[in-house]
Every structure is written in structure tokens, then in C-alpha cells.
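Data block below; observations after.
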Amino acid sequence: MSEQQQRFEPVSSRVNFPKLEERVLEQWQAEDTFHKVDEVRAKAPLFVFYEGPPTANGSPGIHHVLSRSFKDVVLRYKTMQGFRPLRRGGWDTHGLPVELEIEKELGLQSKHEIESFGIEEFNRRCRESVFRYVQEWQSMTDRAGVWLDMDNAYVTYHKSYVETAWWVFKRLWDDNHVYEGYKVTPHCPRCVTSLSSHEVALGYKDNTPDPSVFVRFPINQQPSTEHGASIAVLERLGYVNGTWVTTRPSFMAWTTTPWTLTANMALAVSPAVRYVLMQSLEPYERVLLAEELAKSVLGEGWTVHDTFDGAELLGIGYEPPYRGEGLTEHTHRVLAATYVTTEDGTGIVHTAPAYGAEDAELGKEHNFPTIHTVDLRGVIQGDFPGEGKFVKQADKEIIADLKQRGLLFKDGIIKHTYPFCWRCSTPLLYYAKASWYIQTTAVKTKMVAGNRGINWYPDHIKEGRFGEWLRNNVDWAVSRERYWGTPIPIWRCDACDSVRCVGGSDELAELATPETKHLVANLDLHRPFVDQIEMTCTDCGSAMHRVPEVADAWYDSGAMPFAQWAYPFTVNGSNGKPISINNPDELIASDLFPAQYITEAVDQTRGWFYSLLALSTLIADQPSYQNVIVLGLILDGKGEKMSKSKGNVVNPWEVMNEQGADALRWYLFTSAPSSLPRRFSAELVGESLRRFMLTLWNTYSFFVTYANIDGFDPEGHAAYWSGDIGGSSLSSAPPNELDRWVISELNELVANVTADLDAYSPTDAGRRVEEFVDQLSNWYVRRGRRRYWRPLGGDDGNSSDYDKTWAYVTLYSCLFTISKLIAPMTPFLADTIYRNLAPKSSPDSVHLDDFPQPDSSLIDDDLDKAIRLAMRIASLGRAARSKGKIKVRQPLARVIVRARPEEAQYLNTITDQVLEELNVKALEVTDDDAFASFKLRPNLPALGPKYGKQVGAIRAALQDADAGAIAAQLRDGNCVTVGEFTLDQTEILVDVEEREGFVVSIDSSGGLMVGLDIDLTLELEAEGIAREIVHRIQNARKSAGLEIEDHITAYVDGASDAVAAALVAHDSYLRQETLSDDIRLESAPVSAYSEEQDIEGVKLTLGVVKSS
RNA sequence: GGGCCACUAGCUCAGUCGGUUAGAGCGCAGUCCUGAUAAGACUGAGGUCCCAAGUUCGAUUCUUGGGUGGCCCA
């Protein structure tokens, strides 16, 4: 090798990707590449991204790398497509999980204990804990090559954030979209706290025994028709002309929680179910219940007296077992409810709006009051049996009371699954609590309409999971009786209960009493500080205090489009013009809203995806995002969800340190469609690394090695490109068809990858790149590699140089273009290759460059088809060699190919490649049946629609027909008569079948046959031997540790006559291939590297000595 | 109980707008090739395309029902 400066940094085929990535990170750091993007794209249109904020109170797992990678890939792509991404990060800092973590640390068992401990200190610890792992999150994000603006990340507990959250709340309040209502939540009477659904899920116990009671609800003594009961129905029940002509019937209802009977307000039936009036004679009694359940509930001795539709029973009043205080007259009647089934019970459902979620919904629908008969400790209050006792004890007394009053029909014990408190194992009660609601149902139609305009990837989420959720929308219970969260900004009068909503700290200062006003200036808006602020009631002059609740953490993240900005602020807008924004309304009008892109995992459907849509529809009358990728969950190797408690969380650091971030990213992008749940395993990351990254790397290493040897410099050949040097657009199609082919495929690849990424599918994009790289390495380079070895200025002078230059130009274009195509996906590998290959005029980093544009004039479909045919022929030819047990090294005289006409036209183009690939001297095209016989098959897609049921008959007729004759007729373009049918060439497929005596391979589905002539002449044999010796010498060179470009003297000792003859006959070939200055038939000097060899059973000694 | 998704080779996944002999990679067995390669080629073993019914000349593909698994909700 000469001493001259090499154009490219040498690239070893041995590569350590993690190390390489760390070097790239250092470069990015040193050059501040991330911020350079903003400079380069200063005048570009914005691409707005919203980050769904994670909580940093735990270590990031592999699933976080997944979502961050998907965030990053789109943003990098859009950057290269000429946008300036707005990609501020964010942190979710409030909420129950944070509180639970601290409770656990402090050993606190209940809300009561938290309050004794002190809310101030408790919240201080919560705030401290949420950034406990922030460092790890930062470094994970950096190391994974994810570019998010973490320095300016929004934080949901920041004062400006909370203030905007209040602003949003006030806006909803002013629009009358906030109200107070009851919400039934799972409640632990011992801890005196509600549990989140996640906590409830922790505590289900199977086979829990509970009472099962069937209770009579007699129809009113004087039923009215006021609520829709019809006279006719009442008459059929026995109430005629204002009097009961027979015993009053009872509705029969079932419950497993007798204590809730104290709060019964209604009975629910299904309008769609059939009900029967049953009658027994001993003793005489009449009851109503669902027809389907009558027998199993009542047993023997009952007869059907009448039948009703559920709808006919609506509005009939009844006497409840217990009538508490404060109940209005319109309660205690039969209502319609969709949740009534005939699965169990009686088909008539006892409804207590205070103690059941569905009950509460129904009560709300009919404006029933919510009245508690049990306190938060689960103790019966009021004049009921079991008063002062815990509900589970009270149950016994209530059952006894019902029995004594003749209302109990029967009772027993049922075993079912019931939730218990995960902390203290107390059975949970469903309990209605006052809660603040956001009236999302007011904009339900708008949300549904807005959703239609959002592009969901995958598409089925739009009308499926998410659309379904929207269509079933209920108002959002947004308040939580907790501590660490955005305080609900409502103050209530101690005396008259009038309420007022506050939209920010200025307003708070205005409204605060003179005594508390001074606190507002530097106020932490969190509890307990904000609770010190008092106001004066304008209605009655009494003191007003803030309500105790804080907001659901989903409210925080849903308000993020507005709250992430601390007003006022100024940013560099599209076209480089600064835009200043003072409040959320200006924001909504600007191009910072809505987001063009968001992505999170599928569990956010009812979480962030929903809270974003709900709040922005309410506030801005439109969705706040336009495109969303929904990611599937990552499971462990066994297909189980990763969770801290199971201890099966894969630490991303292990993978990134072992195999690198690019390998991990590539795996995450390409291994499965992004929306599917996927099993994660480090082995599969390794596989994708070997299959893709290593193959690309080796191709790249090959190029650099030879380009340096030959001093190839792309800038010296600028005229070869019509666009940027090194791009996929050449000034003319290459003369060599291998080059022309790969350039055609490259441009097709560019077009397809662009389309895939535009469609938010890195998965498809990556898979295409992978396929191209495979073909580039295993066909283009393998087929063409000799072109790079030819000595410069060799025997054939200029033409060799010319071909070689084209080879370099082509391979260079491919590699350089790929470095840009993969830049969004594997940013490190891409930048490494890019920086080494790039022309001097290029930007410093691939991430500052533009995405490639396809040149459709260079796409040649026919050539693509021809090469694919060559690949298939080569494959069949090798199969034939394998069958004939003839090494590829042994040249053969001819290959015979038969193809269908539509493919035969390409054979000319690819002859040379096939000959070289198969190591044969000549290719013959045949269409006679010398090497094969024929078989006919119906072309079903053509025949089916035309002949329908007759297809079977045609198939049979074709089997009996003279295949050879028909094939010949079809070849001439004639129609043929088969049985009763006249068919043309589009309706019959002619296959070839192997015939004995030839070494052939068949691809019958393509009608393709490849045969080999295996007769060996002496010449062919000698050539085979020569090749064999080349192979051996090459191995010896390798073993001797010689460099590729070293010249040698070779020694062959002990050659047989045949070997010696071959050496003479192919002397120049041998010397050229092995870079031998001389080949001597004598023993090697003692100093030489030598080894024993065995060729065709003859032992000889090979030696190599480096020429001086 | 409801909604959505998935189910194709030992594993991870393609694919089939309904068509004849359903593919790839990895893994396994064997043969070969190689002066870029941690590679590559070929052969082989390995599939009731989850099950059933329906529509159809024809269903792995469409429809319905069921099963299993995942997520969400109750």
C-alpha cells in the first residue's frame, strides 16, 4: 500500500457496535449536532410533536425504549424531509402511583395516617421522588439515540403548568361543563379510602362466601299510572278499579349484599326480557320474575298465570323493604336498564344508587337522590336492623328482619370472586362519593367526529377500541380525594355551599381575603399551601375554602398541549419568524397546535389519547393530534407482561451495552408490526444485528477497503451524478447491467421507504431496506467483486478502468444512499457510514442532511424481473449441481434453460451472469422436450370465473390430454381443444417435469427448467484443477497472514502430471488470481510458509513466499 | 360479561384483493462455496395456516359461531 492519504477512514470488518455508538455520541456532543438541526432547519415549516409524559420514579424498561424509538424515528425522518421538529419532552409527576410509592416507604397504611404524618411533608417527598430516576431516564434516552428536548421538558407539577391546568378548568367551568355528582368507587372501609382500578385488581379473591338472598318487593297497595304503568297491565296483575281483587303480587329480586337493601331506590328490568306472573296455591302467593329463571328460583309447585314484556312492567311502584329518610315519592318503581340479564338472579335487579356503579348511572338518569345509609367506615347509620354495625355483620340482622316480616323468599350462601383491599384484606364496598365531573358527554358527538380526522396507525383503533370508547362516553369523574396532584380550583362556602372556580394565581390573589392575600404571591399551588387561601362568599359573606380534591393525573397530561408552555413565551415559528404567545387561546390559533404526531402504547387508549382528545375538544373544538402510532406491549420471553412485581423486566442497558442501541432499535422497528404485542428476547436482537447491520457493515467495509486501494474519490467523478454526489440519481444509467439493476432497485427502494415512512410504518421501511441490503451484499457485491480486483491499468487498459469506476460509483451510491435511508432508524450506524463516505460539501452529520429522492427514470422493471430470473436460474443450477455431486469450482460445458415465453425474453440479458454464477461455458435456450416432459394444469384464476362448476371437468380433461402436443400448439399461439372445451394459452399452464438421465432442476410453478451438461472434457478438467489450486493457494496466503495486495512466489511440489499440465495451461490465470509473480514446480524454501495438500487423491506441498 | 387485537414450521414473523405444490430468517441434519463477511449457496426433516359451520367450482384467505392468548373496560 502506498503512503498516500486514504480517501476513506479504513473500516475493519470486525466491528463493535456499542463502542462505535459511544464514539458517535461523543461527536454529537462535541459538535452539538442536536441543536444544529434547529439552525439548519431554522426557516423550515414546523413539525409539532407532543410527548406523552412518563413518570421518572422508576427505572426505564425496554418498553420505554420502544416508545422513545418510535418517537425518534418519525422526528428524525421529518427533519430530513425538511421540517423543523418541535419535540419538547415532558414529565408526568402527579398521581396515585407516586403517592403509593411514598406510602410504602413511610409505612403509612391509610389516608388518616398520611394526614397525621402531614400533607406538607408527604407531598414534599412525592415531589422529590418523581425525579429519583430522572438521570437514568436521561442517559437511557441519550444512549438510545433518541433526540428529545429534555432540557426544556415540561413538568406537570410546575407552577406554570398547574396554572394553565386551572385556566383550562376555569374555561370548562365557565362553559358549564363542570358539575358535582356522585361516583361509585371501590372503597376500603378500614383504610377509609377509594382504591384505583389497578389496586382493586391486586385484591380479587375467588370463592368468597357471601349471602344470597331472594327478596319480595310487593307492588304498592295503590299503584299509580303516573310513571307509565298502564291500567291494562295493572288489571292483569289483579288491581281492578282501584282495588286488589286478589293477593298483591311481589317482584322478586336477588342480592348478595343485603345491607344495600337499606338504600334500595328502584327495581330494574330489561325491556327485552319476558317476565312471568307465577302463582302457587299452598300457600297462595303470586310473584313476578324473568320467565327463564322462574323454575330455578321458585322450584316446584308454581304455575304461570300471565306473561309480560319487560317494557310492560315499567313505572309500576312497589314497597321497598326499608324506606329511609328524604326519599321523594317518585322513587321505588320499576325502571328499564340495559345491564339486566338473565344470567343469574331473577331478571329483576335491586338498585341502590349509593352502592353500585350501574345503579348510580340509572339513578342519575332518573334524577334520584344519592342517599347513604352506611358511613365511610361501613357502619349502618339510621333506623335499620344492624344499626351501628359493620355491614357484613348487619347482613345477618337484616336477613332475620326480612324473614320475620315475610319479605324473604329464600336465602343461602354463594361463592364468587370478590375484591378485597390489597393492603388490609378488608372486603371492599362499592360506595358513592361526591366527585367533580367534566361533562365530556356534551361534546361526545364532536369527539367522535374529530376522531374521524385523526390518522391512527394501526387503523382499526380509530373505529375499534378508541371509537367504541368514545361512543360509550360517560362524563369524566376528574377529582380524587388525594394529596399529590393539581388541586381542583374550586372554593366552597362553609355556610351556604355556593362555589367559585379560579383560573390562575392572579385571579386567586384578587379573590383572596385580605388576611390570606399576601400568601398568594409565592404560593406553591399544591396542598396543603393552596388550602390556606380563603375567600369571602359573595352570597352570604361567610368564609370559603377550597374543596379537598385534587385532579386525576390524566387531567394533567390531557391539558399538556396548553400547559406545557409557560406563558408568555416566544418560539421560532415556521419561516423562521418568531411568534410570541401570551395565553392558550393564542396558542390554539398558532401552528404550535395541534400536534402532527404522537405515539404511545395501546394502554393509553383510555388514558392519554382520550384525555388529550376530550380536553382539546372542549377547549379548542378540535383534536390536539393528527397522527398517532399505537404501540403494542412488550412481553417477556414467555409471553407475559413485563412488570416490576414479576421481576421479568428486561434492562435496556444490558442490551444496549452488549449489542448496541441501533441493533435494539432495528429489532424494535422490524421484528413485528408495531401495534402487536411482542415477545422480547436478546437473542432476537442479536439475530437482527447479524442479519442486517453486520451484512451492511461488511459491504461497507469491502467498499472502503478497495476504494482506498484504488484511490477512488467520488468528488473526482462528480459528473456521474445528476444530483448530489453519491446520491441515487445518476446522470445516465450505468452501462453494466448489474450496476443498472442495483441502481434501479435502489431508486425503487428510496421511493418505497419514503412511502412507508410517510405512512408512519418504520416496520415496512426497515424490512425493505433489509431485503435490499441482502441483495446488495449477496448478489450485487458477490457477483461483481472481481471488478474491484482487476489491477488498475491492466491488460485491457482504459475499458477496465471505466468499468471499475462504474462499479465504485454504483456501490458508493448505494451505501451512501442507504446511510441516509436508515438514519431515522439506526442513527449511529447511519452517521458513522455517512461521515466516512460523504463528499466534502456535505453537512457534518447525516442528521443534518436531506432525505434521498428517488429518480424514477433509473427504475427499470424489466431488468428487475430479468435479474430475479437469473437468481432463480442460478438457484436451480446449483441445485442441479448438488444433485449431480459436481462442485461449483468445476467448470461445465453448458447449461440448458427452458422458460415460459414471458420470461424467455429476459434470458439474453442475463446469460453472462448465469454463466459466471454457475461456472459454465455456454447457455442454451430450449423449448423442446429433450430434457423434460410436460404436464398441463388449468389456470384457475382465469378459468374459474368463466367456467364455474365446469372447472372440475376441465381439470380432468387436461390430465388425459396429450401434454406434449398441446404444449406445442399453445407455443404457436393456437387455441386447443381439450375434451369439450376450447382453451387458449392464458387458460392453461404448461409445466415441465424432469426426465430420467439428465441433471436438471425444475421450478414447476414458474415453468422453469435448468439442465446441466455434465460431460467433462480434458480442458474442463484442467480448468477445474487450476481453480482448485487457486483456491488452495488463496487459503495458504490467508494462513500465512499475507495482506490482500501482497505479491508472492508460489511453490508446488509433488504435482501429478494432470496437475502440472493444468498449471502450465492456466499459468497466467493462476498468477493473476493469486498475485503470484512466479509459480514454481519445486519445493519451497525453508523460510516459506508451506502446507500439505491433497488434490484429487494426489498429495503435494504448497508454499508461498511474499515477493520483496 | 363487553370491546379491540392476535393465532401460519421448534422459535420470530411474511403472505394469500378466494386459485393449483403457503414462504423467509434463526435453529437442526447434511453437502458445497468463499481473498469483503461474525457470512453465503444447495438439499433435507419440520405445517390439519387454532376449531367448526356457511358462502363458493374452489376457503389458510370472506361470513358466522366457538377455543386459546394479550390489552382495555365492567
Side-chain angles (χ1 to χ4, degrees), chain A residues 11-15 197 339 341 343 357-358 458 460-461 463-469 471-472 601-607 630 632-633 635 637 639-641 667 670-673 675-679 681 683-684 686-706 767 770-771 774 777-779 781-782 785-786 788-789 874-883 885-889 917 919 937-945 947-955 989 991 1001 1003-1005 1030-1031 1033-1035 1037-1038 1042-1045 1073-1075:
Chain A
V11 176
S12 163
S13 64
R14 309 226 156 223
V15 57
S197 58
Y339 55 80
T341 67
E343 299 271 314
E358 290 170 328
H460 63 76
I461 302 279
E463 294 304 333
R465 184 181 280 228
F466 195 63
E468 203 61 39
W469 166 253
R471 283 187 287 277
N472 295 322
V602 66
D603 54 357
Q604 298 297 325
T605 314
R606 278 116 163 123
V630 182
L633 276 87
L635 312 173
E640 287 178 26
K641 191 180 178 179
Y667 165 79
T670 60
S671 69
S675 63
L676 294 185
R678 62 184 81 204
R679 294 185 185 196
S681 80
E683 290 78 55
L684 291 171
E687 187 190 319
S688 103
L689 177 148
R690 277 193 297 280
R691 189 171 68 234
F692 170 65
M693 291 179 52
L694 219 47
T695 308
L696 174 59
W697 186 265
N698 287 318
T699 308
Y700 162 63
S701 161
F702 169 86
F703 168 82
V704 167
T705 303
Y706 285 93
R767 285 176 171 177
E770 209 165 84
E771 197 187 330
D774 181 67
S777 169
N778 290 322
W779 188 263
V781 172
R782 190 171 56 78
R785 71 180 148 213
R786 304 182 73 84
Y788 305 88
W789 307 339
S875 174
L876 289 169
R878 273 190 293 264
R881 273 187 180 269
S882 172
K883 234 186 273 181
K885 300 206 187 300
I886 303 161
K887 296 176 182 180
V888 177
R889 257 200 301 265
E917 193 67 11
N919 192 19
R937 281 184 307 156
N939 189 15
L940 291 173
L943 289 170
Y947 291 96
K949 290 193 182 191
Q950 296 173 301
V951 165
I954 295 176
R955 187 196 297 268
L989 295 174
D991 294 334
S1001 278
D1003 168 16
S1004 72
S1005 64
V1030 167
H1031 171 56
I1033 294 178
Q1034 304 290 36
N1035 282 344
R1037 285 179 58 113
K1038 227 187 212 173
L1042 298 179
E1043 295 297 325
I1044 290 170
E1045 61 275 14
E1073 286 296 304
T1074 59
L1075 294 186

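Because only heavy atoms are used, hydrogens play no part in the values below, and waters and symmetry mates are left out as well, while side chains stay in.
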[X] side chain near [Y] side chain, heavy-atom distance below 4.5 Å:
X: V15(A); Y: L694(A); answer: yes
X: V630(A); Y: R465(A); answer: no
X: W697(A); Y: V11(A); answer: yes
X: L943(A); Y: R955(A); answer: no

Quiz item: Is there a donor on the side chain of R878(A) or the base of C42(B) sitting less than 3.5 Å from an acceptor on the other?
Solution: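 Under the 3.5 Å cut-off, the side chain and the base do not form any donor-acceptor pair.
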Quiz item: Can you find a donor-acceptor N/O pair under 3.5 angstrom joining the side chain of S777(A) to the base of A39(B)?
Solution: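 Check fails, no donor-acceptor contact within cut-off.
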Rounded distance in Å between the [atom1] positions of [N] and [M]:
N: G66(B); M: C73(B); atom1: P; result: 24 Å
N: A45(B); M: C7(B); atom1: P; result: 27 Å
N: U63(B); M: U55(B); atom1: P; result: 16 Å
N: G27(B); M: A38(B); atom1: P; result: 14 Å
N: G3(B); M: A39(B); atom1: P; result: 49 Å
N: A22(B); M: A9(B); atom1: C1'; result: 11 Å
N: G25(B); M: G46(B); atom1: C1'; result: 15 Å
N: U61(B); M: A6(B); atom1: P; result: 14 Å

Quiz item: Is the shortest side-chain N/O distance from S875(A) to OP1 or OP2 of C42(B) below 4.0 Å?
Solution: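 For S875(A), the contact criterion (side-chain N or O under 4.0 Å from OP1 or OP2 of C42(B)) is met.
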Quiz item: Considering all heavy atoms of both residues, which atom of E770(A) and which atom of T670(A) are nearest to each other, and what is their separation?
Solution: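 In this case the closest contact between E770(A) and T670(A) is OE2-OG1, 4.1 Å.
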Quiz item: Nearest heavy-atom pair of T699(A) and S777(A): which atoms, and what distance?
Solution: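 For T699(A) versus S777(A), the nearest heavy atoms are OG1-CB, 3.5 Å.
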What is the separation between atom [atom1] on [X] and atom [atom2] on [N], rounded to the nearest whole Å?
X: E468(A); N: C5(B); atom1: CD; atom2: P; result: 10 Å
X: D774(A); N: U37(B); atom1: CG; atom2: C1'; result: 12 Å
X: N472(A); N: C72(B); atom1: CG; atom2: P; result: 18 Å
X: E683(A); N: C13(B); atom1: CD; atom2: P; result: 14 Å
X: N778(A); N: C33(B); atom1: CG; atom2: P; result: 18 Å

Quiz item: Just checking T699(A): base, sugar-phosphate only, or nothing, at a heavy-atom cut-off of under 4.0 Å?
Solution: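 It contacts base atoms.
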Quiz item: Reckon L684(A) touches a base, only the sugar-phosphate, or nothing at all at heavy-atom distances under 4.0 Å?
Solution: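 Sugar-phosphate contact only - L684(A) comes under 4.0 Å of backbone atoms but never of a base.
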Self-check item: Backbone of D774(A) reached by a side-chain donor or acceptor of R691(A) within 3.5 Å
Solution: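 Absent.
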Rounded to the nearest 0.5 Å, how far apart are [atom1] of [X] and [atom2] of [Y]?
X: I954(A); Y: Y947(A); atom1: CD1; atom2: OH; value: 5.5 Å
X: M693(A); Y: N698(A); atom1: CE; atom2: CG; value: 11.5 Å
X: L684(A); Y: L689(A); atom1: CG; atom2: CG; value: 12.5 Å

Ignoring the backbone of [X], work out which of [options] is nearest its side chain.
X: H460(A); options: C5(B), G25(B), A38(B); answer: C5(B)
X: Y706(A); options: C5(B), A74(B), A36(B); answer: A36(B)
X: R690(A); options: G40(B), A39(B), G3(B); answer: A39(B)

Is there any protein nitrogen or oxygen under 3.5 Å from a nitrogen or oxygen in nucleotides 14-19 of chain B, and what are the pairs?
{"unit_1": "A14(B)", "atom_1": "O5'", "unit_2": "R767(A)", "atom_2": "NH1", "d": "3.3"}

Exercise. Could you check W469(A) against R691(A) and say which one's nearest nucleotide on RNA chain B is further toward the 5' end?
Key: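 So the residue in question is R691(A).
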Practice problem: Assign each of E463(A) and S701(A) to its nearest nucleotide of RNA chain B by heavy atoms, then name whichever residue's nucleotide is nearer the 5' end. | Solution: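 The residue closer to the strand's 5' end, by nearest nucleotide, is E463(A).
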Practice problem: Convert the base pairs of RNA chain B into dot-bracket notation, remembering that pairs crossing earlier ones are written with [ ] and that bases paired across to another strand are shown as |; include only Watson-Crick or G-U pairs under 3.5 Å. | Solution: (((((((..((((.....[...)))).(((((.......))))).....(((((..]....)))))))))))).
Quiz item: Do the charged groups of R606(A) and E468(A) touch, with an N to O distance under 4.0 Å?
Solution: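 Here R606(A) does not pair with E468(A) in a salt bridge, since their nearest N and O are not under 4.0 Å apart.
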